Participant: 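Just passing along the structure, written as structure tokens.
Position 1 is the first residue of the sequence; numbering continues from there. Atoms within a ligand are numbered from 1 in the order they appear, just like the ligands themselves. All figures in this text were calculated on a predicted structure; none of them were measured in a lab.
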Amino acid sequence: MTALNTFLSQALQERAANNLLRVRQQVDSPCGVTLQWQGKSLLNFCSNDYLGHANHPLVKKAFVDASETWGVGSGASHLISGHSREHQALEDELAAMLGVEAALVFSTGFMANTGIISALMSAPDAVFEDRLNHASLLDGGLQSGARFSRYAHNDIDALSSKLARVEARHKLIVSDAVFSMDGDIAPLPELLACAEQHDAWLMIDDAHGFGVLGEKGLGAPEHFAIAHKRMPIYMATLGKAIGTFGAFVAGSRELIDYLVQFARPYVYTTAMPAAIAAATRASLSLLQTESWRREKLHELIAHFRRCGEQAGLSLMPSITPIQPLLVGDSEKALRLSAALREKGFWISAIRPPTVPENSARLRITLSAEHRVEQIDALVDALHELLSSET
Ligand SMILES: *Cc1c(COP(=O)(O)O)cnc(C)c1O
């Protein structure tokens, strides 16, 4: 074996020995609440397609029609020749629906987060992040070269005292709006007040709130009745509730103009296909025309929590479609996930380093496409498995 392969296989063996090895399962059907896998039909309780837009006929049609018009590849980056009328229309619609000056679409949320933070912050600055923030936000903070610190989860007092202690040219607070592995919501009003008090900038990642929270689905700010234009840097993704692909940042004209110049993952990458932008526009209009999806989703969340609590499941405090069941031990989480699959449910085990040590969990997610009976069946299966475990 070469030195490279020796190194690689040792790292893999160590991961496997700790029950942390990830395995990709091949599915034979589109994203939906039922998945085909190895000839079986499984109920999917772990996708982020909260509204069922990913395989929606109108979204698919917009994609197919636009691919007739625009072809598939965009052929270049946005600053060369890849920025189409569809991309611009998507940005204009996002800005209008959020009531902000401008929006900028990125190819992925990961790129948006590393790009935004690295473009804004550098060595003389300081970045403050919730310790449960998404990996892309943490990586953005680390890459930026700014002084980097993490504060205790949703702890505004801890954040405040860190802000008061640190001297820096600019300070940036960064938080998930809905925590991706826990489902709880960051206290946006307190974060805003804290940022104002300490002259810090605030960036919010609403990957799991946009489309889901608020009466119109405009996300965590709407949930708290905060106008989006009060949020200095609002970012959300398009591959979750919106069901397509990509991400955007919304804010002032100056913010967007600056990022077009300086966000390297925006500048140095091929523009997303125009047909994806078109499909995303169709999906955004469904937020209005099919608002029943959001209402039904919230009814299903309430139903799951009610039945889950009756069945003695120790659910985490979440009103979002992310309803994790904390297990602790990684090996036990894997065993439960495998047992659920035997019973016809697809729920992957989430383990470190995605979540902190000893906090492996089953990350259950709900979708507007689920039926009440399917949720009841899941609660029964969980109840049965967990009672036989202890
Ligand atoms: C999924 C996710 C991202 C990354 O978005 P992609 O478009 O999938 O790259 C960023 N932030 C949070 C909180 C996420 O959950």
Side-chain angles (χ1 to χ4, degrees), residues 22 24 31 46-51 53-54 87 90-91 94 103-119 127 129-144 150 153-154 172-188 191 202-213 219-221 223 231 233-250 259 263-266 269-273 276-277 279-280 283-284 316 318 320-324 348 350 353-356 361 363-367:
R22 272 68 170 162
R24 297 176 297 167
C31 176
C46 56
S47 94
N48 301 310
D49 181 28
Y50 305 124
L51 298 173
H53 286 194
H87 295 106
L90 172 57
E91 291 181 353
L94 284 163
L104 183 68
V105 169
F106 282 76
S107 294
T108 73
F110 205 106
M111 292 163 76
N113 283 341
T114 56
I116 295 164
I117 301 173
S118 304
V127 178
E129 300 212 22
D130 189 292
R131 63 184 291 271
L132 296 189
N133 273 356
H134 190 263
S136 56
L137 295 170
L138 300 172
D139 284 8
L142 290 166
Q143 280 168 29
S144 71
R150 302 211 264 178
H153 179 50
N154 276 343
L172 175 68
I173 304 168
V174 183
S175 181
D176 277 27
V178 173
F179 287 86
S180 54
M181 297 300 135
D182 294 65
D184 58 339
I185 304 178
L188 295 196
L191 280 170
L202 176 64
M203 172 175 175
I204 291 297
D205 173 345
D206 207 8
H208 297 275
F210 184 64
V212 166
L213 292 178
H223 171 78
M231 307 299 307
I233 306 162
Y234 176 80
M235 173 274 176
T237 62
L238 302 168
K240 286 162 183 158
I242 305 306
T244 59
F245 196 71
F248 69 91
V249 56
L259 292 174
R264 293 165 65 86
Y266 182 79
T269 200
T270 302
M272 71 158 58
I276 293 282
T280 304
S283 176
L284 291 176
M316 293 168 70
S318 160
T320 69
I322 303 167
Q323 294 289 331
S348 62
I350 305 289
T354 307
V355 291
R361 65 201 64 186
R363 179 176 177 272
I364 298 163
T365 59
L366 300 178
S367 160

Participant: Do N113 and M203 come within less than 4.5 Å of each other through their side chains, counting heavy atoms only?
Facilitator: yes
Participant: Is the number of heavy atoms from other residues, nucleotides or ligands within 6.0 Å of CZ (F110) greater than 12?
Facilitator: yes
Participant: Taking side-chain hydrogen bond (donor to acceptor under 3.5 Å, both in side chains) as the cut-off, I'd like each qualifying pair that reaches into residues 234-247, sequence neighbours left out, listed once.
Facilitator: D206-Y234, T244-T280
Participant: Just wondering, do L172 and I233 contact through their side chains at under 4.5 Å, heavy atoms?
Facilitator: yes
Participant: With a 4.5 Å limit on heavy-atom distance, are the side chains of R363 and N48 in contact?
Facilitator: yes
Participant: For the residue pair D182 / H153, report whether a side-chain donor-acceptor contact shorter than 3.5 Å exists.
Facilitator: no
Participant: Would you mind writing out a table of all protein N or O atoms found under 3.5 Å from any N or O atom of ligand 1, naming both atoms and giving the distance to 0.1 Å?
Facilitator:
| unit_1 | atom_1 | unit_2 | atom_2 | d |
| --- | --- | --- | --- | --- |
| ligand 1 | 7 (O) | G109 | N | 2.7 |
| ligand 1 | 9 (O) | G109 | N | 3.1 |
| ligand 1 | 9 (O) | F110 | N | 2.9 |
| ligand 1 | 11 (N) | D205 | OD2 | 2.5 |
| ligand 1 | 15 (O) | H208 | NE2 | 2.6 |
| ligand 1 | 15 (O) | K240 | NZ | 2.7 |

